[in-house]
Amino acid sequence: MSFSIERVLNEIDQLSLVEQMQVLEHLVKQIKQSVDSVAVTQKPKYKVTDFYGIAPNLLGGEDAQEWVNQIRDEWEEREAWRQP
């Protein structure tokens with residue numbers, strides 16, 4: 001810990017409880033402003049409209065679970081065909 005930080009901490013120790021709370025509030029406010037200034041909200045990688053048409057069979061009324069089961073069956077058939 002550097003000499004100046006030790007000196008500041010010693011000074012804070014000499015303050016009343018109310019004054020220490022004011023120091024704490026000040027620090028919290030300063031840190032929050034610093035974090036807010038560097039925090040960047042990332043854009044979503046995709047927009048909902050990017051997915052249009054990806055699963056047209058689901059939009060045509062096919063049950064989602066039936067579709068999943070069909071895809072799983074297809075993969076199992078491929079795996080069975082690949083194995084010697």
Side-chain angles (χ1 to χ4, degrees):
M1 200 178 315
S2 70
F3 175 73
S4 60
I5 292 175
E6 284 182 32
R7 193 173 72 218
V8 169
L9 294 176
N10 286 333
E11 291 293 325
I12 291 172
D13 288 342
Q14 303 304 314
L15 298 174
S16 69
L17 183 58
V18 171
E19 292 169 326
Q20 288 178 356
M21 292 297 292
Q22 289 173 340
V23 170
L24 182 60
E25 288 173 359
H26 174 77
L27 289 173
V28 168
K29 182 179 177 182
Q30 290 296 109
I31 292 170
K32 185 177 181 333
Q33 286 176 351
S34 296
V35 168
D36 288 346
S37 69
V38 295
V40 176
T41 304
Q42 291 184 344
K43 287 183 171 181
K45 196 170 185 177
Y46 299 102
K47 296 181 282 185
V48 172
T49 55
D50 293 341
F51 295 101
Y52 180 78
I54 283 192
N57 54 337
L58 295 178
L59 298 176
E62 184 177 349
D63 180 64
Q65 188 60 54
E66 288 177 20
W67 182 80
V68 169
N69 292 341
Q70 178 185 349
I71 297 297
R72 286 181 181 158
D73 290 344
E74 289 175 9
W75 276 103
E76 287 174 5
E77 289 174 14
R78 288 180 192 168
E79 289 300 315
W81 182 77
R82 291 170 114 194
Q83 294 178 359

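All values derive from a computational prediction rather than experimental measurement.
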*Any residue meeting side chain to side chain contact (heavy atoms under 4.5 Å, CB included) with Tyr46, in chain and number order, not counting sequence neighbours*: Asp50, Phe51
Acceptor/donor pairs from residues 23-30 side chains to any protein atom, 3.5 angstrom cut, sequence neighbours excluded:
none

*Mind checking salt bridge (Lys or Arg N to Asp or Glu O under 4.0 Å) for Lys32 and listing every partner two or more places apart, or none if nothing turns up?*
Asp36
*For Arg72, what residues pass the side chain to side chain contact (heavy atoms under 4.5 Å, CB included) criterion, not counting sequence neighbours?*
Gln65, Val68, Asn69
*Val18: what forms a side chain to side chain contact (heavy atoms under 4.5 Å, CB included) with it, not counting sequence neighbours?*
Ser16, Gln22
_Quick check for you: to the nearest 0.5 Å, what is the distance between Ile12 atom CD1 and Glu19 atom CD?_
11.0 Å
*Could I get the full list of side-chain hydrogen bond (donor to acceptor under 3.5 Å, both in side chains) partners for Gln14, not counting sequence neighbours?*
none
*Using side chain to side chain contact (heavy atoms under 4.5 Å, CB included) as the criterion, list what pairs up with Ile31, not counting sequence neighbours.*
Val35
